[in-house]
Peer 1: 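Just dropping this structure here.
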Amino acid sequence: MGVSEDRYSKPDLPRADRPIRVGSLLYTIVNPRAGYEVAYNRWYERDHFYSGCMIGEYQFAGGRYVATKDCKALRYGGGQPGDIDPAKGSYIAIYWVLDEHHDDWNAWATKQVNYLHSNGRMFLERDHVHTGLYRYAGEFNAPGSTMPLELALDRHYAGIATLKLELAEGVTVDKVRDYLAANPCPGDVALIADPLPLLGDSPKDVPVGSGEHVVLVYFSIEDPREVWAERYAPLGKAFADAGLGRVSFASPFLSTIPGTDTYTDQL
């Protein structure tokens, strides 16, 4: 019996009916060291993007984004111990893992990255700024958008805006999700996600995060720098005024252009 055409003729499928669903994600912000920007970019997109991630079990999409100097100039947050340094973090990579298969993927990923380390396939002249595994906790669309989150990393958006929200005492991810659902989404589609633990035998150069927080990723049709002041800069105050917590990191990132060294001279 074939797939019903009616199922896909609707503007959007409810999440529970999607045969492919994001269940968890890898969210990693990295800074190449001075003088190694081009080498890092080429290693990551020509080797590690695939060997360390995309060939993995149950991982079905990935995307890379870059923060130029003018992106970094728009950042806000930081200033407290443990916060991301706003001067660092030139690249972010995000990967989707199939729902209900996080543990399968996590076991593969830990084994694979340790294999790459032991075979000299890692790039030493870079620093992890923030790397974490996260559980999908909600999806939101701009008015009129039917874009499913599952396709967002494959669509060549102009860029993203991402925020790390340190939750106020007593605030849960459900409360943040309810707030986001009640307010217009400033991106075409957006994600909220909360942390999952790394395995104990993960590589030691990957820092272990702490504190109660969520990350938000907004996918932007427009250049996120051009709409930052209107759409994303006000979010920190809005979240604080709603009693949700403190934005410790907020930044626009531009989509990288695979196969080129575009932006490596603008970090």
Side-chain angles (χ1 to χ4, degrees), residues 25-56 59 61-75 77-79 81-95 97 105-106 108-134 153 159-162 164 195 198-210 215 217 224-225 248-267:
L25 57 140
L26 171 60
Y27 173 105
T28 178
I29 303 175
V30 175
N31 207 64
R33 294 171 186 167
Y36 293 90
E37 294 87 352
V38 170
Y40 169 78
N41 182 59
R42 292 186 179 187
W43 164 77
Y44 199 100
E45 71 173 21
R46 300 180 188 195
D47 185 351
H48 197 65
F49 182 82
Y50 297 99
S51 65
C53 299
M54 291 301 294
I55 65 172
Q59 184 166 287
R64 291 185 72 220
Y65 308 87
V66 57
T68 56
K69 289 179 181 177
D70 50 354
C71 288
K72 293 172 184 171
L74 297 172
R75 289 175 170 174
D83 285 352
I84 295 172
D85 183 345
K88 298 181 180 179
S90 295
Y91 287 92
I92 184 170
I94 302 172
Y95 303 91
V97 178
W105 170 84
N106 199 10
W108 173 87
T110 300
K111 179 181 177 181
Q112 179 71 358
V113 78
N114 283 322
Y115 165 83
L116 295 173
H117 268 283
S118 65
N119 284 273
R121 295 272 296 278
M122 300 300 286
F123 192 90
L124 300 181
E125 299 297 334
R126 62 40 168 134
D127 298 298
H128 284 273
V129 175
H130 177 83
T131 293
L133 304 178
Y134 287 86
L153 295 176
I160 64 170
T162 188
K164 185 169 179 274
L198 296 171
L199 293 181
D201 56 348
S202 296
K204 302 308 177 188
D205 64 333
V206 178
V208 178
S210 62
V215 294
V217 182
R225 298 169 296 184
S248 63
F249 179 77
S251 177
F253 285 83
L254 308 176
S255 290
T256 60
I257 304 174
T260 77
D261 299 320
T262 306
Y263 304 121
T264 57
D265 61 344
Q266 301 175 43
L267 306 183

Peer 1: Using atom types as modelled and distance alone, determine if a side-chain donor or acceptor of Thr256 lies under 3.5 Å from a backbone N or O of Pro258.
Peer 2: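 Between the backbone of Pro258 and the side chain of Thr256 there is no qualifying donor-acceptor contact (under 3.5 Å).
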Peer 1: With sequence neighbours excluded, what pairs up with Glu37 under the side-chain hydrogen bond (donor to acceptor under 3.5 Å, both in side chains) test?
Peer 2: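 Glu37: no side-chain hydrogen bond (donor to acceptor under 3.5 Å, both in side chains) contacts found.
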Peer 1: Kindly say whether His128 contributes a backbone atom to a donor-acceptor pair with the side chain of Thr131 at under 3.5 angstrom?
Peer 2: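 No: the side chain of Thr131 does not pair with the backbone of His128.
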Peer 1: Using the salt bridge (charged side-chain N to carboxylate O under 4.0 Å, His left out) rule, collect all pairs that involve residues 248-267, keeping only residues at least two apart or in two chains.
Peer 2: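 Every pair satisfying salt bridge (charged side-chain N to carboxylate O under 4.0 Å, His left out) with a residue in residues 248-267: Arg42-Asp261.
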Peer 1: A side-chain contact here means heavy atoms from C-beta on lying under 4.5 Å apart; do Asp83 and Phe249 qualify?
Peer 2: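 Side chain of Asp83 against side chain of Phe249, heavy atoms only: no contact under 4.5 Å found.
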Peer 1: Kindly compute the distance separating CG (Leu133) from CG (Leu26), expressed to the nearest 0.5 Å.
Peer 2: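 Here the rounded value is 6.0 Å.
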Peer 1: Would you say the side chain of Leu254 lies within less than 4.5 Å of the side chain of Cys71, judging by non-hydrogen atoms?
Peer 2: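 Cys71 reaches Leu254 side chain to side chain.
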Peer 1: Report yes if some heavy atom in the side chain of Arg64 is under 4.5 Å from a heavy atom in the side chain of Glu45; otherwise report no.
Peer 2: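 Yes, at least one pair of side-chain atoms sits under 4.5 Å.
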Peer 1: Kindly indicate whether the side chain of Val30, heavy atoms from C-beta on, has any atom under 4.5 Å from the side chain of Tyr40.
Peer 2: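 Heavy-atom side-chain distance check passes, below 4.5 Å.
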Peer 1: Go through Val66 and Gln266 one step at a time and tell me if the side chain to side chain contact (heavy atoms under 4.5 Å, CB included) criterion holds.
Peer 2: CA-CA 10 Å; Val66 57; Gln266 301 175 43; over 6 Å; no
Peer 1: For a side chain to side chain contact (heavy atoms under 4.5 Å, CB included) check, start with the C-alpha distance between Arg33 and Arg126, then their side-chain angles and the critical distance, and finish with the verdict.
Peer 2: CA-CA 5 Å; Arg33 294 171 186 167; Arg126 62 40 168 134; 5.6 Å; no
Peer 1: Considering residues at least two apart in sequence or located in another chain, which fulfil the side-chain hydrogen bond (donor to acceptor under 3.5 Å, both in side chains) criterion with Arg225?
Peer 2: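 With sequence neighbours excluded, Arg225 shows a side-chain hydrogen bond (donor to acceptor under 3.5 Å, both in side chains) to Asp70, Asp223, given in chain and number order.
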Peer 1: Which atom pairs, donor and acceptor, lie under 3.5 Å between side-chain atoms of residues 87-95 and protein residues at least two apart or in another chain?
Peer 2:
{"residue": "Ser90", "atom": "OG", "partner": "Asn31", "partner atom": "OD1", "Å": "3.1"}
{"residue": "Ser90", "atom": "OG", "partner": "Lys72", "partner atom": "NZ", "Å": "2.7"}
{"residue": "Tyr95", "atom": "OH", "partner": "Tyr44", "partner atom": "OH", "Å": "2.7"}

Peer 1: In terms of side-chain heavy atoms, does Asn41 have a donor or acceptor partner in Arg46 at a distance below 3.5 Å?
Peer 2: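 Not at all, the side chains of Asn41 and Arg46 share no donor-acceptor pair under 3.5 Å.
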Peer 1: Does the side chain to side chain contact (heavy atoms under 4.5 Å, CB included) test come out yes or no for Tyr27 and Val217, once each step is laid out?
Peer 2: CA-CA 10 Å; Tyr27 173 105; Val217 182; 3.9 Å; yes
Peer 1: Residues in side chain to side chain contact (heavy atoms under 4.5 Å, CB included) with Ala109, at least two apart?
Peer 2: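 For Ala109, the residues satisfying side chain to side chain contact (heavy atoms under 4.5 Å, CB included) (neighbours in sequence not counted) are Trp105.
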Peer 1: Could you measure the distance from the NE2 atom of His117 to the OH atom of Tyr115? Nearest 0.5 Å is fine.
Peer 2: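 If I round to the nearest 0.5 Å, the distance is 13.5 Å.
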Peer 1: Just list the side-chain donor-acceptor pairs under 3.5 Å for residues 48-56, sequence neighbours left out, or say none.
Peer 2:
{"residue": "Ser51", "atom": "OG", "partner": "Asp47", "partner atom": "O", "Å": "3.0"}
{"residue": "Ser51", "atom": "OG", "partner": "Asp47", "partner atom": "OD1", "Å": "2.6"}

Peer 1: According to side-chain hydrogen bond (donor to acceptor under 3.5 Å, both in side chains), who are the partners of Ser255, at least two apart in sequence or on a separate chain?
Peer 2: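 Once residues adjacent in sequence are excluded, Ser255 has no partner under the side-chain hydrogen bond (donor to acceptor under 3.5 Å, both in side chains) criterion.
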Peer 1: Do Leu267 and Lys69 come within less than 4.5 Å of each other through their side chains, counting heavy atoms only?
Peer 2: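 A side-chain contact is absent here, since even the closest heavy-atom pair is not under 4.5 Å.
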Peer 1: What residues form a side-chain hydrogen bond (donor to acceptor under 3.5 Å, both in side chains) with Trp43, not counting sequence neighbours?
Peer 2: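 Per chain and number, Trp43 pairs via side-chain hydrogen bond (donor to acceptor under 3.5 Å, both in side chains) with no residue.
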Peer 1: Any donor-acceptor pair under 3.5 Å linking the side-chain atoms of Ser251 with those of Arg75?
Peer 2: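 Yes, Ser251 and Arg75 have a side-chain donor paired with an acceptor closer than 3.5 Å.
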